[in-house]
Visitor: 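Provided herewith is a single structure, encoded as structure tokens, for subsequent inquiry.
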Amino acid sequence: MKFLPATIENSQDVYYLLCELEHAELDKALFEEIFRKNIVNSDIHYLLAIDNENVIGFASLHIQHLLHHVSKVAEIQEIVVSKYYQGQGIGKMLFNRLKEIAVENKCVLLEVCCNQIREKSHEFYLKQNMKNSHYKFTLNLR
């Protein structure tokens with residue numbers, strides 16, 4: 001098992017993992033456009049879990065410079081492990097590597113937002129010593 005930064009060549013693998021995460025087929029052209037834009041942004045980190053040359057997991061971390069923290073804050077946007085590899089500690093390893101990246105970038109806080117229906121994900125983040133201390137409110141604009 002190895003953990004490497006994603007490259008543009010990995011967009012297809014990441015696409016399929018995120019479709020699996022969302023239980024939906026994402027718009028492939030829009031996905032590709034966003035992936036290409038984000039992969040060159042130094043405040044966005046895309047990380048792959050690779051086993052026998054197969055991409056089996058993906059995680060992303062976005063670093064923001066926030067006024068109300070007067071510092072940098074890292075936010076996990078996605079952590080997904082292929083359903084065939086879940087339960088083997090890969091998600092925890094991805095989480096720990098994202099946490100290391102946040103520390104390396106001198107972030108003062110690591111955050112994650114998680115849909116209320118993802119109860120297993122809530123348990124996972126609590127096991128990583130994260131605290132459920134905020135509410136997230138959304139407004140659909142489409």
Side-chain angles (χ1 to χ4, degrees), residues 1-69 71-105 107-142:
M1 178 79 55
K2 54 187 169 183
F3 298 91
L4 299 172
T7 66
I8 197 65
E9 290 80 21
N10 303 118
S11 67
Q12 189 88 342
D13 293 317
V14 174
Y15 172 79
Y16 290 118
L17 284 169
L18 288 181
C19 288
E20 186 176 325
L21 175 69
E22 294 297 323
H23 304 288
E25 189 172 329
L26 303 173
D27 182 306
K28 205 168 198 174
L30 288 176
F31 175 90
E32 188 71 29
E33 179 183 329
I34 294 167
F35 188 88
R36 287 180 179 279
K37 180 179 178 183
N38 287 353
I39 199 106
V40 296
N41 183 332
S42 63
D43 285 330
I44 297 176
H45 301 266
Y46 286 168
L47 183 63
L48 303 173
I50 300 173
D51 184 44
N52 293 324
E53 306 308 315
N54 295 314
V55 175
I56 60 165
F58 171 76
S60 68
L61 186 75
H62 292 231
I63 296 175
Q64 303 172 67
H65 304 258
L66 299 181
L67 293 172
H68 66 281
H69 286 290
S71 194
K72 292 192 277 186
V73 172
E75 184 173 3
I76 296 169
Q77 292 297 323
E78 296 103 2
I79 292 182
V80 59
V81 175
S82 171
K83 61 185 173 188
Y84 305 108
Y85 290 85
Q86 291 177 3
Q88 299 179 32
I90 298 164
K92 181 176 181 166
M93 289 185 272
L94 284 165
F95 176 90
N96 286 334
R97 182 60 192 122
L98 293 182
K99 186 169 69 171
E100 289 172 5
I101 293 168
V103 169
E104 290 165 5
N105 281 273
C107 295
V108 298
L109 190 64
L110 178 61
E111 298 180 331
V112 64
C113 292
C114 191
N115 192 303
Q116 291 179 7
I117 64 171
R118 292 190 172 141
E119 294 178 4
K120 287 184 180 179
S121 296
H122 304 165
E123 292 173 21
F124 170 81
Y125 290 118
L126 289 171
K127 285 179 183 175
Q128 308 317 308
N129 294 320
M130 297 192 87
K131 305 238 180 305
N132 186 2
S133 63
H134 290 67
Y135 291 107
K136 180 173 184 171
F137 298 92
T138 62
L139 176 63
N140 194 339
L141 300 175
R142 290 191 219 173

Visitor: Closest heavy-atom contact between Tyr125 and Cys114?
Guide: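 What the structure gives for the nearest pair is CE1-SG, 4.4 Å.
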Visitor: Can you list the steps and then say if Leu48 with Val14 is a side chain to side chain contact (heavy atoms under 4.5 Å, CB included)?
Guide: CA-CA 8 Å; Leu48 303 173; Val14 174; 3.8 Å; yes
Visitor: Would you list the pairs meeting salt bridge (Lys or Arg N to Asp or Glu O under 4.0 Å) in which at least one residue belongs to residues 73-88, sequence neighbours left out?
Guide: none
Visitor: Test of understanding: with side-chain contact (heavy atoms from CB on, under 4.5 Å), list the residues that count as partners of Ile34, not counting sequence neighbours.
Guide: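 Applying side-chain contact (heavy atoms from CB on, under 4.5 Å) to Ile34 gives Asn38.
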Visitor: Would you list the pairs meeting salt bridge (Lys or Arg N to Asp or Glu O under 4.0 Å) in which at least one residue belongs to residues 4-13, sequence neighbours left out?
Guide: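 Of all non-adjacent pairs touching residues 4-13, none passes salt bridge (Lys or Arg N to Asp or Glu O under 4.0 Å).
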Visitor: Restricting to non-hydrogen atoms, name the atom on Leu98 and the atom on Ser60 that form the minimum distance, rounded to 0.1 Å.
Guide: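 Closest approach of Leu98 to Ser60, heavy atoms only: CD1-O, 4.0 Å.
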Visitor: Could you state the interatomic distance from CD1 (Ile50) to CG (Leu4), rounded to the nearest 0.5 Å?
Guide: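 Between atom CD1 of Ile50 and atom CG of Leu4 there are 4.5 Å.
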Visitor: How long is the gap from CE on Met130 to CD1 on Ile76, to the nearest 0.5 Å?
Guide: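 Going from the CE atom of Met130 to the CD1 atom of Ile76 covers 5.0 Å.
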Visitor: Going from CG on Asn105 to CD1 on Ile63, what distance comes out if it is rounded to the nearest 0.5 angstrom?
Guide: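 One gets 3.5 Å once the value is rounded to the nearest 0.5 Å.
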Visitor: Tell me every residue that passes side-chain contact (heavy atoms from CB on, under 4.5 Å) with Leu109, counting only those two or more places apart in sequence or in another chain.
Guide: His69, Val73, Glu111
Visitor: Answer yes or no: is there a side-chain heavy-atom contact under 4.5 Å between His45 and Gln77?
Guide: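 When only atoms from C-beta onward are counted, Gln77 and His45 do not touch, as no gap falls below 4.5 Å.
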Visitor: State the CD-OG distance between Gln64 and Ser71, to the nearest 0.5 angstrom.
Guide: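 These two atoms lie 12.0 Å from each other.
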Visitor: Answer whether the closest heavy-atom distance between the side chains of Ile56 and Met1 falls below 4.5 Å.
Guide: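 Ile56 vs Met1: side chains touch.
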Visitor: Work out which heavy atom in Ser82 is nearest to a heavy atom in Leu17; give both atom names and the distance.
Guide: N-CD2, 3.8 Å
Visitor: For atom CD of Gln116, decide whether the heavy atoms of other residues, nucleotides or ligands shown that lie under 6.0 angstrom number more than 12.
Guide: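 No.
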Visitor: Dump the intermediate steps for side chain to side chain contact (heavy atoms under 4.5 Å, CB included) on Lys99 and Asn96, then the final yes or no.
Guide: CA-CA 5 Å; Lys99 186 169 69 171; Asn96 286 334; 4.0 Å; yes
Visitor: Checking side chain to side chain contact (heavy atoms under 4.5 Å, CB included) for the pair Leu94/Leu47: CA distance, chi angles, key distance, verdict?
Guide: CA-CA 8 Å; Leu94 284 165; Leu47 183 63; 3.8 Å; yes
Visitor: Under the salt bridge (Lys or Arg N to Asp or Glu O under 4.0 Å) definition, can you give me all pairs with a residue in residues 112-138, not counting sequence neighbours?
Guide: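 Passing the test, one end in residues 112-138: Glu22-Arg118.
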Visitor: Over all heavy atoms of both residues, which pair between His122 and Asn115 is shortest? Give the atoms and the distance, please.
Guide: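 Shortest heavy-atom contact: NE2-O, 2.8 Å.
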Visitor: Under the criterion side chain to side chain contact (heavy atoms under 4.5 Å, CB included), which of Leu110, Val112, Ile79, Asp43 is the partner of Leu61?
Guide: Leu110
Visitor: Scan residues 26-36 for pairs that pass salt bridge (Lys or Arg N to Asp or Glu O under 4.0 Å), counting only residues two or more places apart or in two chains.
Guide: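 For residues 26-36: Glu32-Arg36.
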Visitor: What class does the angle between the rings of Phe137 and Tyr135 fall in, given that below 30° is parallel, 30 to 60° is tilted and above 60° is perpendicular?
Guide: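 The arrangement is tilted - the two ring planes meet at 30° to 60°.
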Visitor: If only atom types and distance count, is the side chain of Gln128 paired as donor or acceptor with the main-chain N or O of Lys92 below 3.5 Å?
Guide: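 Checking the backbone N and O of Lys92 against the side chain of Gln128, no donor-acceptor pair under 3.5 Å is found.
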Visitor: Side chains of Tyr16 and Gln12: donor-acceptor distance under 3.5 Å anywhere?
Guide: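 Result is yes, a qualifying pair exists.
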Visitor: Does CD belonging to Glu104 count more than 12 external heavy atoms closer than 6.0 Å?
Guide: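 Yes, enclosed.
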Visitor: Just how far is it from atom CG of Asp51 to atom OH of Tyr85, taken to the nearest 0.5 Å?
Guide: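 Atom-to-atom, Asp51:CG and Tyr85:OH are 5.0 Å apart.
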Visitor: Run the side chain to side chain contact (heavy atoms under 4.5 Å, CB included) check on Tyr46 and Phe35 step by step: do they pass?
Guide: CA-CA 10 Å; Tyr46 286 168; Phe35 188 88; 3.6 Å; yes
Visitor: So how far is it from Glu20 CD to Leu26 CG, rounded to the nearest 0.5 Å?
Guide: 12.0 Å
Visitor: Provide the closest heavy-atom pair for Ala49 versus Phe3 in the form atom of the first, atom of the second, distance.
Guide: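 Taking every non-hydrogen atom into account, CB-CE2, 3.6 Å.
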Visitor: So with a 6.0 Å cut-off around CG of Leu67, is the heavy-atom count from everything else above 12?
Guide: no
